[in-house]
Amino acid sequence: MPGQPPDDTVARLLELLAEPPERPDFSRGYLDLLGDTDQAGPSTGVTQRLMRAELVTAIYEDYWRPGLGRVLKGPRGPSMAGEVELAVERLRLAPGHTVLDVACGTGRFTRAFGTAVGTPAGGGSEGAGLAVGLDGSHPMLARAVERTARQSAVAYLRGDAVALPLAADTVDALCCFAALHMFADPEAALDSFARTLKPGGRIVLLASGLRKRQPARTFDLAGGRLAGLRMFERGEVAELLSQRGFTEITQDFHGVAQIVAATFTR
């Protein structure tokens with residue numbers, strides 16, 4: 001089977017699910033919990049629909065995401081590689097951790113997370129961690145599987161990013177970059193993120209962040225409406241996390257983007 005993950009990786013992924021399927025099918029290299037459903041939840045606009053287009057998928061990791069990220073973050077924001085490094089650092093990943101990459105796309109962050117958590121002290125597979133990449137797009141996940149090969153600490157899951165299919169208190173860390181503003185109900189997604197994290201777990205998010213000064217603010221709002229994006233106020237995501245029991249909150253603002261990290265204390 002193409003991209004079939006190792007048996008121990010499959011077993012670890014199934015243990016995380018709230019309702020594991022009776023006959024899990026990894027024939028595509030990832031576990032599909034959405035079946036024939038084209039997507040999880042209603043589409044919020046053109047940007048979300050593009051994430052399921054084959055052409056965009058083909059260029060997503062090398063051109064689309066870095067280019068779009070540069071537009072959002074501005075010239076002084078971190079590069080794509082810098083985003084990955086920042087996510088690993090702010091999640092405080094260590095060997096043995098379980099980390100969930102929500103809206104993983106083609107798996108750029110997931111692969112890096114797998115490297116960070118997959119090798120336990122002393123080597124070997126006993127006590128190794130797991131990085132789970134979750135997305136709703138078949139084409140994205142197919143590319144992710146292709147690029148990951150048989151990295152033993154990585155598994156992919158097609159599921160709902162707003163209502164996560166994982167059981168409560170199952171992950172040590174959760175990343176969601178450049179996706180929260182595309183969800184139809186981002187507050188419900190944050191509720192689900194908090195439910196899935198273990199107490200003391202870490203979260204890092206990259207979301208939209210409205211600029212305050214005019215005319216930039218008006219331009220940001222108009223662009224968000226056109227693209228179908230929720231345009232968060234600067235500091236709004238941090239406040240939403242605080243309301244859900246997160247502490248140690250840090251915020252960085254770059255262009256029309258904000259990067260927020262926090263610890264879940266319940």
Side-chain angles (χ1 to χ4, degrees), residues 13-21 31 33-34 37 39-45 47-48 51 87 90-93 97-105 109-110 113 130-137 155-210 224 228-252 257-266:
L13 174 60
L14 293 175
E15 288 174 357
L16 298 175
L17 299 179
E19 298 181 7
L31 179 60
L33 297 181
L34 298 179
T37 305
Q39 62 184 29
S43 172
T44 57
T47 303
Q48 191 180 72
M51 294 303 102
R90 303 226 173 148
L91 290 175
R92 301 174 187 170
L93 297 182
H97 279 173
T98 299
V99 54
L100 177 64
D101 184 15
V102 178
C104 68
F109 286 76
T110 318
F113 295 161
L130 181 66
V132 179
L134 181 145
D135 206 281
S137 166
Y156 290 104
L157 179 65
R158 183 169 181 256
D160 190 339
V162 173
L164 295 176
L166 276 64
D169 304 334
T170 48
V171 303
D172 301 287
L174 187 150
C175 175
C176 182
F177 265 37
L180 188 68
H181 45 258
M182 287 192 286
F183 296 162
D185 192 344
E187 285 86 354
L190 292 176
D191 289 339
S192 186
F193 295 174
R195 179 188 60 80
T196 303
L197 277 166
K198 299 176 183 177
R202 293 283 294 173
I203 191 170
V204 64
L205 309 166
L206 187 154
S208 61
L210 276 168
L229 305 179
R230 163 80 172 266
M231 299 305 295
F232 291 102
E233 297 285 352
R234 292 191 172 201
E236 183 180 359
V237 174
E239 177 59 29
L240 290 170
L241 290 177
S242 178
Q243 293 170 6
R244 287 160 174 79
F246 287 86
T247 60
E248 296 184 279
I249 299 172
T250 62
Q251 305 175 76
D252 296 292
Q258 55 186 318
I259 299 174
V260 186
T263 300
F264 183 54
T265 54
R266 198 182 296 272

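Start at 1 with the first residue, then count along the sequence. For clarity, every value in this text was computed on a predicted model and none was experimentally measured.
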Hey, is the main chain of [Y] close enough, under 3.5 Å, to the side chain of [X] for a donor-acceptor pair?
| X | Y | answer |
| --- | --- | --- |
| E239 | E236 | no |
| Q258 | E233 | yes |
| T170 | L166 | no |
| S208 | F232 | yes |
| S192 | L164 | yes |
| T265 | G245 | yes |
| D101 | G133 | no |

Please tell me if the side chains of [X] and [Y] come closer than 4.5 Å, counting only heavy atoms from C-beta onward.
| X | Y | result |
| --- | --- | --- |
| L91 | F113 | yes |
| L197 | D169 | no |
| L100 | C175 | no |
| T110 | V99 | no |
| L17 | L33 | yes |
| T98 | L16 | yes |
| F183 | C176 | yes |
| R90 | D252 | yes |

List the steps and the verdict of side-chain contact (heavy atoms from CB on, under 4.5 Å) for D191 and R244.
CA-CA 7 Å; D191 289 339; R244 287 160 174 79; 2.7 Å; yes

Kindly write out the residues that satisfy ring-ring contact (aromatic ring centres under 6.0 Å, His included) with F246, not counting sequence neighbours, or none if the list is empty.
F264

May I ask you to say whether E187 pairs ionically with R230, meaning some side-chain N is under 4.0 Å from a carboxylate O?
yes

D172 and R202 ion-paired at < 4.0 Å
no

Of all the heavy-atom pairs spanning [X] and [Y], show the shortest one and how long it is.
| X | Y | value |
| --- | --- | --- |
| D160 | V162 | OD1-N, 2.8 Å |
| P21 | L14 | CD-CD2, 4.3 Å |
| L93 | A173 | CD2-CB, 3.6 Å |
| A238 | I249 | O-CD1, 3.5 Å |

Worked verdict on L180 versus L190 for side-chain contact (heavy atoms from CB on, under 4.5 Å):
CA-CA 9 Å; L180 188 68; L190 292 176; 4.2 Å; yes

Rounded to the nearest 0.5 Å, what's the gap from OH on Y156 to CG on L134? Could you check?
11.5 Å

Inter-residue atom distance L241.CG - L205.CG, 0.5 Å rounding
5.5 Å

Would you check, one step at a time, whether the test side-chain contact (heavy atoms from CB on, under 4.5 Å) holds for L174 with V102?
CA-CA 7 Å; L174 187 150; V102 178; 4.0 Å; yes

Determine whether R158 and D135 satisfy the following criterion, salt bridge (Lys or Arg N to Asp or Glu O under 4.0 Å), listing intermediate values before the conclusion.
CA-CA 5 Å; R158 183 169 181 256; D135 206 281; over 6 Å; no

